[in-house]
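First the structure, in the form of structure tokens, and then the observations on it.
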Amino acid sequence: MRAAFPILPVILLTLTACGSKGIEGLQTYTYAAGDHRSGSLVYAENPPAGGAHNPSWQNCGVYTQPLYNEYAVHSLEHGAVWITYRPDLDAAQVTALKSLVDGRPYTLLSPYDGLPSPVVASAWGAQLKVEKADDSRLKAFLDKYEQGPTAPERGAACSGGYGGTR
């Protein structure tokens, strides 16, 4: 039994090293879950990455029109990733984003006016801004945050909610 203990620090160091590589440019935030409110809400981030939200969630999927923040944020609480893009993003990049989310059941994709960069990926408590749809960090963000550990209600529905747009 004693021989195993000298190996323990090496194992812990190895596990720490494997998990320490982050996504460059990732911003994180802390929000309490379950704050359901009606009406139009104000958010700290653009687009939002958590906070108070409508009691109904946005159905996950691909949208060609902007979404209401209040419904989309509820989907983030359920473990969805919301990828937003500037409405003037060229068609080839929009197609690349559609391919990126294809087959991923907990994603939202929509145009969004006034973004700070051409493409922004948001999850509950996390956000990544990129210049191009083919940025490899987008896939890394999806892999980490779709149904990821920051979602307070991971596994809750992403269908059967609100399906409208602005």
Side-chain angles (χ1 to χ4, degrees), residues 19-31 39-54 56-166:
S20 66
K21 185 178 181 205
I23 300 170
E24 184 181 344
L26 179 69
Q27 295 175 296
T28 58
Y29 312 93
T30 302
Y31 288 103
S40 181
L41 302 172
V42 175
Y43 292 95
E45 297 85 37
N46 183 38
H53 50 272
N54 193 279
S56 293
W57 56 89
Q58 184 75 39
N59 292 332
C60 287
V62 174
Y63 294 87
T64 58
Q65 297 296 315
L67 304 178
Y68 289 100
N69 289 334
E70 296 80 7
Y71 296 102
V73 170
H74 196 154
S75 295
L76 301 183
E77 185 181 46
H78 289 189
V81 170
W82 185 16
I83 298 180
T84 52
Y85 58 90
R86 289 180 180 161
D88 63 352
L89 191 69
D90 72 65
Q93 288 200 59
V94 174
T95 298
L97 292 173
K98 287 178 182 176
S99 294
L100 183 66
V101 301
D102 186 44
R104 290 183 174 264
Y106 277 82
T107 57
L108 298 163
L109 176 66
S110 72
Y112 195 101
D113 290 316
L115 286 179
S117 66
V119 179
V120 179
S122 303
W124 189 270
Q127 193 166 77
L128 178 69
K129 300 171 180 98
V130 300
E131 295 297 313
K132 300 262 185 197
D134 62 358
D135 190 311
S136 62
R137 294 175 296 162
L138 285 173
K139 183 180 181 311
F141 187 93
L142 278 166
D143 291 345
K144 182 172 183 172
Y145 290 104
E146 183 186 13
Q147 288 295 282
T150 63
E153 296 179 10
R154 182 173 42 193
C158 205
S159 61
Y162 182 74
T165 60
R166 287 186 171 269

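Hydrogens, waters and symmetry mates play no part in the numbers below; they use all other heavy atoms, side chains included. Being a predicted model, the structure only gives us computed values, none of them experimental.
For the pair Asn69 (side chain) and Pro48 (backbone), a donor-acceptor distance under 3.5 Å is absent. Under the 3.5 Å distance criterion, the side-chain polar atoms of Arg166 are left unmatched by any main-chain donor or acceptor of Gln65. A donor-acceptor contact shorter than 3.5 Å is absent between the side chain of Tyr63 and the backbone of Gly164.
The line from OH of Tyr145 to OG of Ser122 is 11.5 Å long, rounded to the nearest 0.5 Å. One distance of note links CD of Gln93 with OH of Tyr85; it measures 11.5 Å at 0.5 Å rounding. Here the straight-line distance linking atom CG of Leu138 with atom NZ of Lys132 works out to 12.5 Å at 0.5 Å rounding. We find the CH2-CD distance between Trp57 and Glu77 to be 10.5 Å, quoted to the nearest 0.5 Å. Rounding to the nearest 0.5 angstrom, the gap separating the OG1 atom in Thr107 from the CD atom in Gln147 is 11.0 Å. Atom-to-atom distance recorded for Ser99:OG and Asp134:CG is 11.5 Å, nearest 0.5 angstrom.
For residues 88-120, the pairs satisfying ring pair (Phe, Tyr, Trp, His ring centres under 6.0 Å) are Trp82-Tyr112, with sequence neighbours left out. Sequence neighbours left out, not one pair with a member in residues 79-134 passes disulfide bond (SG atoms under 2.5 Å apart). Residue pairs meeting the ring pair (Phe, Tyr, Trp, His ring centres under 6.0 Å) criterion with at least one partner in residues 147-166, sequence neighbours excluded, are Tyr71-Tyr162.
What you find for Tyr31 and Ala44 is that their closest heavy atoms are OH-CB, 3.8 Å. Closest approach of Ser75 and Gln58 over heavy atoms only: OG-O, 2.5 Å. The two residues Gly114 and Asn46 make their nearest non-hydrogen contact at O-ND2, 2.7 Å. Summarising the geometry of Ala126 relative to Ala49, their closest heavy-atom pair is O-CB, 3.8 Å, with the distance given to 0.1 Å. Heavy-atom minimum distance, Asp143 versus Arg104: OD1-NH2, 2.5 Å. Closest heavy-atom contact between Pro47 and Thr84: CG-OG1, 3.5 Å.
Checked against Ile83 for a side-chain contact (heavy atoms from CB on, under 4.5 Å), the options Val62, Val120, Val101 give a single hit: Val101.
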Scan the side chains in residues 152-161 for donor-acceptor partners under 3.5 Å anywhere in the protein, sequence neighbours excluded, and list what turns up.
| unit_1 | atom_1 | unit_2 | atom_2 | d |
| --- | --- | --- | --- | --- |
| Glu153 | OE1 | His78 | NE2 | 3.2 |
| Arg154 | NH1 | Gly148 | O | 3.4 |

### Message
Could you go through His74 and Asn54, starting from their C-alpha distance and side-chain angles, then the distance that decides it, and tell me whether this counts as side-chain contact (heavy atoms from CB on, under 4.5 Å)?
### Response
CA-CA 7 Å; His74 196 154; Asn54 193 279; 5.6 Å; no
### Query
Hey, mind stepping through Asp135 and Arg137 against salt bridge (charged side-chain N to carboxylate O under 4.0 Å, His left out) and telling me if it holds?
CA-CA 5 Å; Asp135 190 311; Arg137 294 175 296 162; 2.8 Å; yes
### Task
Please report the C-alpha distance between Val73 and Tyr43 in whole Å, then the side-chain angles of each, then the deciding distance to 0.1 Å, and finally whether the side-chain contact (heavy atoms from CB on, under 4.5 Å) criterion is met.
CA-CA 10 Å; Val73 170; Tyr43 292 95; 3.9 Å; yes
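Leu89 places a side-chain heavy atom less than 4.5 Å from the side chain of Leu97. Looking at heavy atoms from C-beta onward, Ser110 lies out of side-chain contact with Pro66 at the 4.5 angstrom threshold.
Scored by the salt bridge (charged side-chain N to carboxylate O under 4.0 Å, His left out) test, Asp90 finds no partners at all (sequence neighbours excluded). In terms of the salt bridge (charged side-chain N to carboxylate O under 4.0 Å, His left out) criterion, Lys98 has no residue partners (sequence neighbours excluded).
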